[in-house]
There are 2 protein chains.
Amino acid sequence: MRRLVVNCGQLLTMAGPAKPRAGAQLRAAQPVPDGAVLIEDGLVAAAGPRETVLRDPRAAQALVLDAGGRLVLPGFVDSHSHPVFAAPRLEDFERRIKGQGYEQIAASGGGILSTVRGVRAAGQDQLAEGLRLRAALFLSCGTTTLEAKSGYGLERDSELKMLRAIRQAAAATPLELVATFLGAHALPEELRGRKQEYLRRVCEEMLPAVAAEELARFVDVFCDEGFFGVEDARGVFLAASRAGLAAKIHAEQLSRSGAAALALDCAAASADHLDLLSGEELGSFAGSTTVACLVPGSNYFLGKPYPPARGLIDAGAAVALATDFNPGTCPCWDMRMILSIACTQLRLTPLEALTAATINGAWALGLGKTHGSLEPGKQADLACFDAEDYRELPYYFGSRPAAWTMKKGEIVHALGSLAG
Amino acid sequence: MRRLVVNCGQLLTMAGPAKPRAGAQLRAAQPVPDGAVLIEDGLVAAAGPRETVLRDPRAAQALVLDAGGRLVLPGFVDSHSHPVFAAPRLEDFERRIKGQGYEQIAASGGGILSTVRGVRAAGQDQLAEGLRLRAALFLSCGTTTLEAKSGYGLERDSELKMLRAIRQAAAATPLELVATFLGAHALPEELRGRKQEYLRRVCEEMLPAVAAEELARFVDVFCDEGFFGVEDARGVFLAASRAGLAAKIHAEQLSRSGAAALALDCAAASADHLDLLSGEELGSFAGSTTVACLVPGSNYFLGKPYPPARGLIDAGAAVALATDFNPGTCPCWDMRMILSIACTQLRLTPLEALTAATINGAWALGLGKTHGSLEPGKQADLACFDAEDYRELPYYFGSRPAAWTMKKGEIVHALGSLAG
C-alpha cells in the first residue's frame, strides 16, 4: 500500500549521519516548508520538499493524506520507561509533598517495593491490559516506539510474567515496544542482605530463561548506592552478553558510582539519568556509540537538580531524551512535556531536544538505522501536531495531543476528523 | 432543563465557607465516592452522595449523564491570563534558551513590545478569532472561567480594541471570560521616558472609555522595577474606583516594590505573582479578602525560583493558582499542568492546589459566591477527568485532556463518546 502525506506546513525529517552523533545531526535537520512524505508498505519511500517527492513516479498511485498545513515529524522514540505496573503511587506522591523522605515512605509501605508487591500479585493479563491502555496514551502524544523495562518482579516468575505481559501487549497495540530485562532493579524484600544470592539468580536463573523465550532485547542494571555496584553490573552484563542481550544502565543518578564509565567500557547502548556526571566525564561520551539518555521528567517530578545536558551536548555526546514513565518518580507519557522540560530547564534548543527525542532515542535502542528519522527505507512512523513551527512543541506546555500518529504507515491515533 | 450527573467515581464539590479563606476550606473539601450532581437551568440544585441527591424529587425528571465512574469537580477558574495576542514569541523562547537576557531580546525586536506591535497591527476580528480558538483549548483542559487582560495595546484605541475583542470572543465561546483593563502593563515605545504622561492617558482617557462601554470588571497594574511604582498604581486604582472597576495588581515579581502591601491596603481582589514575598509579608494576607494569586507556570517557563506558596498557605492566606497564559512567559492553557507544578515544585498538597484552582480562583475574580464550587445555586460549571482519584490530576503530567467539560449545565467539550 502506498500513502502520500502532503501539505506538511513544516516537515522535520531529522535525517542525519548513520551513527549516533548528536552535534553533527542537529545542523542538518532543518525544517522543510511545504513538505511531503511518500510511504510504501510501511516504509518511507521519500521525504522532503513537495516538488521533489511528487517527482517520484510512485507518488501518482498513492492514497493522499492531507496534513492540513500542520507540523509533521518522526514519531517519538521513547528509550527509557517502566510502564508495567498495577497501580499509581498516589500515597507516595502526597507523602513526598508533605516532606517525607525515601526511608519514611518505604517504612510506611510505599516506594518501589510497593509496586513490586502489586506486580507480583497481578496476573499477566491484567498487566498486559494496563500496558495496552497506557500505550494508547503514548500514541496519542506522538510516540511510536517505547522501551519497556521489567524490574518490578524481582523473582524469576514475576520478571518473566512482566516480560510476557509486554509481549502480549505489543501484539495488541500499534505502539512498538522494545523490552528490557531489569531484574537488577532492586533487592527483593525476601533477600535483604543477600545481594550476591540475588545476582546469582538474575544471571543464572532469570537471564537464561529470558533469552530462551527471546523476551528482551536489552538488560539493564540499577547501578547506584544502596542498589547494585559497578562490579555487580559488570557481572550482569557479562551474563547478558552470553545470553545475547545488549546492555543499558541506570547511571550516576543518586551517587557517582562509576556506572557511566562502565557503560562506555562495555559499549552499552545507553547510560541513563546521569544527573551527577561532571567535568571530564561529560567529554568521555564523545566519539562513543553509547547514548547519554536523559530523563528530566523524573528530576522535575521529584524537584531535584537536572542532569548536565548542555555540558554533554557541548562536549559532543549523543543525547537522547526519554520519559522514564513509571509510577514512582515520573508519571508522564508525553514526550512533548519532556521537550518542554529539556528546553526550559536544561537549556536545550528545540532542535536539539527533538533530535534527542527521535533519532538519538532510536540509537539508544540500537534502532538508529530503521527508526527515528524520515529517510528512504526507514519505518514510516510519523507524528503530526497542530502547529506551524516545530518550536511550538516545547514552547506550549500542558495538554495538547498529537493531531494524528502513524505507525508503519497506518494511522493509529487521530484527534477528531482527519480532514485538513 | 434538568440534568443529573451520576456515577461520579469521585466527586469534589469544593464546598466551603462563603468567604476566601484557604486554610479552613481545605479540610472540608473531601472527595465524595459515588457522587451525583443535579442541575437545573444551568445552576447546581444539589451535589453530593448519590443517595442524597436522588432523594431530591426533581432528580426523577432529569436527563441523566453517566460520568462512567470518573472524577468530577468544579471547572477550573483561571484568574490571571493575557490571552489576546497575534502570534507566539518563538524567537524570544529560543534566544532565552541560548542565554540572551531581557535587554538583548528587547534590543533584537522581541519582548513584550513585539507583542504590542502585533496587537496594534491586528484587527479586532483577528484578535477575537485567535482568542476564540484558544478558549477551546482552555475548555478542553477543564477550565470554565478565564480572566483575560488587555495590556498589549498601550494606547487608547488598541486597548479598547483588545477589550472589545474579548467581548466579541465571549459571545462566540462557552468559556466565561472576565475582562481586566491592564493599560498600565508597560510604557509604550513612543512615550519612553514620559511615564506620567502615559499614566495620565490611562486614567483620564482610557479608563473612562473602558467604563463607558463596560468593557472590563477589573483594572490591573504591572507594579515593578522598570515599569510602574506603588504610587503610580495607587493613582490608577483611584481612577479605576471612580470608574467602577475593582483592583488587581502584578506584585513582587521582579523586585520588592511594596505592591502587595498596596493591594491589601486597597482591598484589591488579588495580588499576583508574589515571587519575592517573604517573612511577615506572608502573614499579612491572612484575614484579608485579597487573594494571593500565584502563577508558577511562568517561573517554570523562565527557569526562575518559585513563589512562597507553602509559606502563604501556612500563614493563612487564600491562595489561588492561575496559568498566566501569555506568549512571552507562560504559553500554557492547562490548569492541570499548573496543579502539577504547584504540587511538585511549590509543595502544595493536591487538595490545596485544587482549592487554589477552583474556589480561590473564583474569589480572586470576585465570583466566589457564584463560581468555583458545586453548591446549590452556583453555576453548574463542571469538569470530568478520566481518573479514579483527584490526586491523579497533579500526579500525571503532560497531555491529558478532560473527558468532558460542562458550562452552565451544557457540555462544551467532550473527548470521544460521552458513554461511560
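Just so we're on the same page: letters track the sequence lines, and every chain starts at 1.
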> Nearest 0.5 Å please: distance from the OH atom of A:Tyr390 over to the CG atom of A:Leu351.
4.5 Å

> For B:Ala353 and B:Leu339, work out which heavy atoms get closest and say how close.
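Between these two residues, the closest heavy atoms are O-CD2, 3.4 Å.
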
> Judged by atom type as modelled, is there a donor-acceptor pair below 3.5 Å linking the side chain of A:Gln100 to the main-chain atoms of A:Ser108?
no

> Please classify the contact of B:Cys141 with chain A as side chain, backbone, both or neither, using a heavy-atom distance under 4.5 Å.
side chain

> Mind telling me whether B:His273 and B:His80 have parallel, tilted or perpendicular rings, with 30° and 60° as the class edges?
perpendicular

> Picking from A:Gly297, A:Pro331, A:Pro327, which has the most non-hydrogen pairs under 4.5 angstrom with chain B?
A:Pro331

> Nearest heavy-atom pair of B:Met337 and B:Cys332: which atoms, and what distance?
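Heavy-atom minimum between the residues: CB-SG, 3.9 Å.
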
> What are the residues of residues 393-402 of chain B, in order of number, with any heavy atom under 4.5 angstrom from a heavy atom of chain A?
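Within residues 393-402 of chain B, the residues that come under 4.5 Å of chain A (heavy atoms only) are B:Pro394, B:Tyr395, B:Tyr396, B:Phe397, B:Gly398, B:Ser399, B:Arg400, B:Pro401.
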
> For B:Pro74 and B:Thr358, work out which heavy atoms get closest and say how close.
O-CG2, 3.9 Å

> In terms of heavy-atom proximity below 4.5 Å to chain B, should A:Ser340 be classed as side chain, backbone, both, or neither?
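Looking at A:Ser340, backbone and side chain both touch chain B.
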
> Among residues 131-140 of chain B, which ones touch chain A with a heavy-atom distance under 4.5 Å?
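None at all.
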
> Is there a donor-acceptor pair under 3.5 Å between the side chain of B:Asn326 and the backbone N or O of B:His82?
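Not confirmed, B:Asn326 side chain does not pair with B:His82 backbone.
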
> Take B:Asp314 and B:Arg310, measure what salt bridge (charged side-chain N to carboxylate O under 4.0 Å, His left out) needs, and give me the verdict at the end.
CA-CA 6 Å; B:Asp314 293 345; B:Arg310 195 66 268 150; 2.9 Å; yes

> Check A:Thr145, A:Thr144, A:Thr173, A:Thr143 against A:Lys407 for a side-chain hydrogen bond (donor to acceptor under 3.5 Å, both in side chains) and give me the one that passes.
A:Thr145

> Give, as side chain, backbone, both or neither, the part of B:Glu392 having an atom under 4.5 angstrom from any heavy atom of chain A.
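Interface part for B:Glu392: both.
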
> Can you see which heavy atom on B:Gln345 is nearest to which on A:Tyr300, and at what distance?
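Nearest heavy atoms, B:Gln345 then A:Tyr300: NE2-O, 2.6 Å.
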
> For the pair B:Phe325 and B:Phe85, name the ring-plane relationship: parallel under 30°, tilted 30 to 60°, perpendicular over 60°.
tilted

> Is B:Ile341 in contact with chain A via its backbone, its side chain, both, or neither, using a 4.5 Å heavy-atom distance?
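It is both, since atoms from each part get that close.
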
> Looking at B:Glu91 and A:Arg391, does any basic side-chain N land under 4.0 Å from a carboxylate oxygen?
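Yes, this pair counts.
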
